[in-house]
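Here's the structure we're looking at; comments come further down.
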Amino acid sequence: MTEMESTEIKLSGISVSPGICIGKAYLVDNGGVDVVERYLIEPSEIKNEVKRFKSAVKRAKDELRAIIDNTPEDFRRQSRILETQEVLLKDKMLYGRTIETIEKESINAEWALKSVVTGIKSIFQNMTDPYLKDREADVVHLSGRIMRNLMGADQVNISKIDKRVILVAPDLSPADTSQINLERIKGFVTEKGGKASHTGIIARTLQIPAVLGLENATSLIHNDDIIIIDGKSGHVIINPADETLIEYEERKEDYDKRKAIINRKGRLPAETIDGFSIGVLGNMELPGEVVSVHSAGGEGVGLYRTEFEFMNRERFPSEEELFDSYSDVVSVMAPMPVTIRTLDINGDKALGPGFATDEINPALGLRGIRYCLRRPDVFKTQLRAILRASTFGKVKIMFPMVSTYTEVIESKKILTEVADSLEKENVSFDRDVKIGVLIEVPSAVIMADLLASEVDFFSVGTNDLIQYSFAIDRGNKDVLYLFQPLDPAVLRMLKHLAEVAKGRGINISVCGEMASYPIHVPILLGIGMDELSMNPQSIPAVKNMIRSIKMDDTRRFMQTALKQTSATNVYKLLLETYGHLLPDKFDIINNDE
Ligand code: PEP
Ligand code: MG
């Protein structure tokens, strides 16, 4: 029997993490359920199939109740969303129609549920009312829960995938992505998400090729299709022809070789030709990643995103658990510094199934320091763990999402209370821990002089600073064109911050993704940044760029750059002046791609 030859298809998405991978596709439905199959049921088995559906619904009901009952007082408001879903379980539209479909069409419960939900979604599609839109999301989440029970899958099963595959999903949350097992997952493709989304950031940290924002990926790619991901160009090739496969195998080999050469240079000092030293540090999300920062040549951790240890779990970690993680990280890095950012949950980093927020606009909601000031118990537990870990090396503390001077005062007050109580308990900690603010909200830029009088350092979170300054969702691919780190508005803000920091004698760094592109280095040095912190895989290339330029030239270059009217012009100017120093452009994801 001759098999039909499948045709090669080349698609384009958003490049977020460089590298090439070739492998079999593994489709993951939202929430980690394998893609649903359709099969017919014998008439004698229909009763049992309905029973199977009913018990999946019953389990969903029990799970929802358990989550609602275990939700702490403060989150009660958010558990209302689950109560709505509980009511929906009795709803004829979802429950009744699925049973009807199993019986009438003699098909399996998974397929019946899927087709009923598709029908419901199309009814909602033409509605603009936000309340009804939320109900659509409820139906989708709830049906996902029932589906997982039907298929015997866990809530999120990415960590359990036991084959070497490339994930293809409608969307992967930062919590899903942080569970990726590097030995199994070669790369991933999603339909949603943008360059500065946390999903993209994690892909770069894990150093796996990824393409996001590839519309219809889950309908165009099938389970077990051979696919190629080119993370630098954003291309995904389905069912590649033999010659394409050979071409990409060669490109992959070439890429890996050149990367190894650059990586070997990662340990060299980050000093400009005219003798200026710049701190090059690494960003990390989970304790184990400290090793990547160290081996890439990072001179410390410039941003430890601690919220990832709070995700994918049913209760908050205890002080002891946090202390164990922090002291490990601090010890590995010692004597180099570890900047621990206090919890930055909510926004796009929801805690987990039981803590889903019902905020209409989470990015502008109770996230970061706002959340911690609302929950001093959670905040104090974390601060105690951080201070206790400070005896193992050099710790710095950084507060995220600060938008007012008062927030800094209140945060410091709580920190002092925690320090006092540790002192009373005779627990040792470093009394000279440096305190900083993550500048990522425009109001903090404007108030920089006042904030500087209260802290030891600034770190600029350009990912959020751009999101909030340009009013664009950092994960939304439709407004990605506005996400331009080289926009004159961004450069002016950075310049202002650097001037304030210099004037007040405090240290300033950039820890947003902007810092991870070698082509941005002349700009950031010319502006006056003392340190740059980035995903570990970018460290060697950024250090390489620093070693190839003169600080004096970058300062002059900035004079011209600041006169430009658009990001495109600044970028052109950069390429003209510094483009020849880029390492064959192989590891760069440019602004204009
Ligand atoms: C930023 O916003 O630039 C930042 C460093 O924080 P995060 O990406 O975790 O929001
Ligand atoms: Mg941020």
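Only this structure's heavy atoms are used, side chains among them; waters, hydrogens and symmetry mates stay out. Along the sequence shown, residues carry numbers from 1. Remember, it's 1-based here, ligands and their atoms both numbered in the order they're listed.
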At the Mg ion (ligand 2), what's the angle from Asp464 OD2 to Glu440 OE1, rounded to 10 degrees? 100°
Under a 4.0 angstrom heavy-atom cut-off, which atoms of ligand 1 come close to Asp464? 1 (C), 2 (O), 3 (O), 10 (O)
Against the six-membered ring of Phe457, is Lys396 placed for a cation-pi contact (under 6.0 Å from the centre, within 45° of the normal)? yes
Report, in ascending order of atom number, the atoms of ligand 1 lying under 4.0 Å from any heavy atom of Gly512. 3 (O)
Determine whether the side chain, the backbone, both or neither of Leu303 has a heavy atom under 4.0 Å from any heavy atom of ligand 1. side chain
Relative to the heavy atoms of Thr462, which atoms of ligand 1 are at a distance of less than 4.0 Å? 3 (O)
The protein heavy atom nearest to atom 7 (P) of ligand 1 is His198 NE2, 3.2 Å
Taking heavy atoms and a distance under 4.0 Å, where does Ile201 meet ligand 1: side chain, backbone, both or neither? side chain
Would you say Gln382 and Thr306 are linked by a side-chain donor-acceptor pair, where the criterion is simply a distance under 3.5 Å? yes
In plain terms, say whether Asp487 and Arg492 are close enough for a salt bridge, that is, a side-chain N and a carboxylate O under 4.0 Å apart. no
N/O of Val460 under 3.5 Å from N/O of ligand 1, yes or no? no
With heavy atoms of Glu440 as the reference, note each atom of ligand 1 found under 4.0 Å away. 1 (C), 2 (O), 4 (C), 6 (O)
Lys NZ or Arg CZ of Arg388 over Phe323 ring: under 6.0 Å, within 45°: yes
Report yes if the side chains of Thr554 and Tyr578 come closer than 4.5 Å at any heavy-atom pair, otherwise no. yes
Below 3.5 angstrom, do we get any N/O pair linking Glu307 and ligand 1? no
Which protein heavy atom lies closest to atom 9 (O) of ligand 1, and at what distance to 0.1 Å? Arg305 NE, 2.6 Å
Among Glu285, Arg341, Met514, closest by any non-hydrogen atom to atom 6 (O) of ligand 1: Arg341
Option passing side-chain contact (heavy atoms from CB on, under 4.5 Å) with Cys21 (candidates Asp230, Ile208, Ile229, Ile185): Ile229
Phe316-Phe310 aromatic ring centre distance below 6.0 Å: yes
Please verify whether a non-hydrogen atom of Gln467 lies at under 4.0 Å from ligand 1. no
At a 4.0 Å threshold, what atoms of ligand 1 neighbour a non-hydrogen atom of Arg474? 2 (O), 7 (P), 8 (O), 10 (O)
Enumerate the atoms of ligand 1 whose separation from the nearest heavy atom of Cys511 is less than 4.0 angstrom. 5 (C)
Glu309 vs Tyr326 side-chain heavy atoms within contact, under 4.5 Å: yes
Residues Glu440 and Tyr468: side-chain donor-acceptor under 3.5 angstrom: no
Find out whether Phe379 and Val418 are in side-chain contact, i.e. whether some heavy atom of one side chain is under 4.5 Å from a heavy atom of the other. no
Which segment of Met401 sits under 4.0 Å of ligand 1 when only heavy atoms are counted: neither
